[in-house]
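Here is the structure we will look at, set down as structure tokens.
A, B, ... follow the sequence lines: proteins, then strands. Residue 1 opens every chain.
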There are 2 protein chains.
Amino acid sequence: MTDQPAFEQVRPVRLYERIVEQVEAAIANGELVPGQHLPSERELVAQFGTSRATVREALRVLESNGLVRSRPGDPNGPEVLPFTARGLSKQLRRLARAEELTLAQLLVSRMMLDATANRLAAVLRTAEQLADMEAAIDGMRVALDLGYDAFGEADLAFHEAVAAASGNTMIQVSNEVVRDTVLSVISDRIAHARNSKALMRRSLEHHEQVLDAIRSGDGPEAARASLQSLYDYYAGYVPAVERRALRALLDPAPPTGAG
Amino acid sequence: MTDQPAFEQVRPVRLYERIVEQVEAAIANGELVPGQHLPSERELVAQFGTSRATVREALRVLESNGLVRSRPGDPNGPEVLPFTARGLSKQLRRLARAEELTLAQLLVSRMMLDATANRLAAVLRTAEQLADMEAAIDGMRVALDLGYDAFGEADLAFHEAVAAASGNTMIQVSNEVVRDTVLSVISDRIAHARNSKALMRRSLEHHEQVLDAIRSGDGPEAARASLQSLYDYYAGYVPAVERRALRALLDPAPPTGAG
DNA sequence: ATGCATTTGTTCGTATGTATC
DNA sequence: AGATACATACGAACAAATGCA
């Protein structure tokens, strides 16, 4: 059964990469816990048997990925950081800028994430989480007269309350990151339309629909309403050809009808 | 209207970070295009006015983020790379590990991603992409008699064809990562059941349903069938209490009926 | 509150193997 | 095939920053 040797392609693996791998592995499997400290640079030099420059290159990479932080003069050595979504956010933004991710793609992702979070929240929410959502909606209602900044803040609070109630960290974090990325991509274009009170009122109505559905435990309706809300709010910024993808998420009815 | 000064937090910004920022910016705004080359390390030392080690730390960070690649002896200098989703994939994997996602959470994410990809693919697929899916299904059919390894491979090919046809890089990459993670979590438990021909046949039927829906452009049906397929295949491995979340994604009908 | 020992940030010099012309 | 310029990696050094006695 010895088919063929099946050699793998080899590429030169730098010393600093091996150090990165070892530290990453140690963090991944729990040997190193956030708050703990790595040995000092010179100690690492001894342990890895390389020069200080090499160790430092590895530390810089780990640092830029948000895994550790080293400060000058700290005798404790580089600190292992708790997880943040900063690296994920950075990569997404990069992807968006490279125009591998169009606004339409980002919005599709956002609709998917938000709709699913709402659907889950309708079933899984606790009374306390429901109260958080209601408080956020109240905040939006009050903020109608305070301008978009306050309104946007309350809006954000609602979506985060829903995401938390979904009980799914993956969806929660992804949604957060995608939401930020969407805003960073079109914030300039959307700025002039923001203060339209009519838009805010409409948005509020949509959110109230979603909340009603969640309150009554109707997941599909919560999902439907949130999809419609996002579509109405953002579709105008998407080129017409790409709007097909957004619409594909909307109607549960097959498109066998008239055009 | 001058509320308060609103000072920002300051933290020491390393020299290597500034270099990274400048190069990233140059790539982001198109000054540097994939295929182009940065000046040699020594030339960069002159331009940035720092030492070699500092420039190298910056290059290592850029390299680990997949933006450039430097080879020893290359007189052209470090090459600017075309964009890949490798960095995003790495960060997503980190999220999955760090947050200690339960199997239920991973499966919910997988169902969400796969259903959306199918829904989009039903509307956006090209003829060629449809052919890829059909080829994959044919492969599954053939592999019924070849055992699970071949079957799983064809299965994977189908899902990747669908993801590609969704036209959404975010969904494609996320789905890939989540799928891998799910398998790595339960591969041991599922191994003994793998070779059940009945299971494979049932899985094939489900996939054929999905393909039919995609072929006829029926997004909602494609989503429904894929959700049902994943649920049937994996729900048994999820603790009963957590199964509620999975079921919440299934029925479009509100749960107002009998318990 | 002060100093001291230690650590990091950064620089310079050098030896070695490599890719290109 | 050789010359040249390059990246990899090492070692020593100094200034600034930190934590602890």
Side-chain angles (χ1 to χ4, degrees), chain A residues 8-24 26-27 32-82, chain B residues 7-24 26-27 32 34-82:
Chain A
E8 288 179 10
Q9 192 137 17
V10 292
R11 64 177 173 76
V13 56
R14 313 263 204 284
L15 289 184
Y16 87 90
E17 282 188 273
R18 304 207 189 167
I19 298 180
V20 169
E21 285 170 13
Q22 287 196 43
V23 177
E24 273 185 345
I27 293 179
L32 284 169
V33 163
Q36 272 190 313
H37 291 263
L38 271 64
S40 75
E41 286 186 4
R42 286 170 175 81
E43 178 61 30
L44 290 172
V45 166
Q47 290 194 26
F48 287 113
T50 68
S51 76
R52 196 160 152 231
T54 304
V55 167
R56 283 177 60 76
E57 287 174 10
L59 286 175
R60 292 298 83 83
V61 169
L62 292 168
E63 195 169 33
S64 90
N65 285 354
L67 288 168
V68 307
R69 175 189 55 179
S70 49
R71 292 176 311 161
D74 190 339
N76 301 317
E79 181 185 359
V80 177
L81 297 177
Chain B
F7 294 123
E8 286 180 12
Q9 194 138 16
V10 292
R11 62 176 174 74
V13 56
R14 315 263 204 286
L15 290 184
Y16 88 90
E17 283 188 274
R18 303 206 190 169
I19 298 181
V20 169
E21 286 170 13
Q22 286 196 43
V23 177
E24 275 185 344
I27 293 179
L32 284 170
Q36 272 190 313
H37 291 264
L38 270 64
S40 74
E41 283 188 6
R42 288 170 178 81
E43 178 61 30
L44 289 172
V45 166
Q47 290 193 25
F48 287 113
T50 67
S51 77
R52 187 97 186 278
T54 304
V55 167
R56 282 177 60 77
E57 287 177 10
L59 285 176
R60 291 298 84 83
V61 169
L62 292 168
E63 193 170 36
S64 91
N65 285 351
L67 288 169
V68 307
R69 176 189 55 181
S70 49
R71 292 176 310 162
D74 189 341
N76 301 317
E79 182 185 358
V80 177
L81 297 177

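- Taking the side chain to side chain contact (heavy atoms under 4.5 Å, CB included) definition, one finds that B:Gln22 meets it with B:Phe48, sequence neighbours left out.
- Scanning both residues, B:Gly77 and B:His37, for their nearest heavy atoms gives O-ND1, 2.9 Å.
- Scored by the side-chain hydrogen bond (donor to acceptor under 3.5 Å, both in side chains) test, A:Glu41 finds A:Arg52, A:Arg56 as partners (sequence neighbours excluded).
- Here the CD1 atom belonging to B:Ile19 is positioned 8.0 Å from the CG atom belonging to B:Leu59, to the nearest 0.5 angstrom.
- No engagement by B:Arg69 is indicated, since no non-hydrogen atom pair under 4.0 Å with the nucleic acid exists.
- The shortest side-chain heavy-atom distance between A:Leu38 and A:Val80 falls under the 4.5 Å cut-off.
- The stretch residues 49-59 of chain A touches DNA chain C through A:Arg52, A:Arg56, each having a heavy atom under 4.0 angstrom from the strand.
- Heavy-atom distances under 4.0 Å link DNA chain C to no residue of residues 39-46 of chain B.
- Among all heavy-atom pairs drawn from B:Ser64 and A:Tyr16, the shortest one is N-OH, 4.5 Å.
- For A:Thr54, the side-chain hydrogen bond (donor to acceptor under 3.5 Å, both in side chains) partners at least two apart in sequence or on another chain are A:Ser51.
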Which pairs would a plain distance check flag for residues 65-73 of chain A, meaning a side-chain donor or acceptor within less than 3.5 Å of a matching protein atom at least two apart in sequence or in another chain?
from, atom 1, to, atom 2, distance (Å)
A:Arg69, NH2, A:Glu79, OE1, 2.7
A:Ser70, OG, A:Arg60, NH2, 2.8
A:Arg71, NH2, A:Asp74, OD2, 2.9

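- Of all nucleotides in DNA chain D having an atom under 4.0 Å from a heavy atom of chain B, the first and last in 5' to 3' order are D:dC6 to D:dT8.
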request  = Could you run through nucleotides 16-21 of chain C and give me one letter per nucleotide, 5' to 3': B if any protein heavy atom sits under 4.0 Å from the base, S if only the sugar-phosphate is that close, - if neither?
outcome  = --BBS-
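- Under the side chain to side chain contact (heavy atoms under 4.5 Å, CB included) criterion, B:Ala26 pairs with B:Glu31, B:Leu32, sequence neighbours left out.
- For the atom pair A:Glu57 CD and A:Leu62 CG, the distance stands at 12.0 Å (nearest 0.5 Å).
- Every residue two or more places apart in sequence or in another chain that forms a salt bridge (charged side-chain N to carboxylate O under 4.0 Å, His left out) with B:Glu17 is listed here: B:Arg11.
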task = Kindly determine whether A:Glu63 and B:Arg14 satisfy salt bridge (Lys or Arg N to Asp or Glu O under 4.0 Å), including the steps that lead there.
result = CA-CA 11 Å; A:Glu63 195 169 33; B:Arg14 315 263 204 286; 3.3 Å; yes
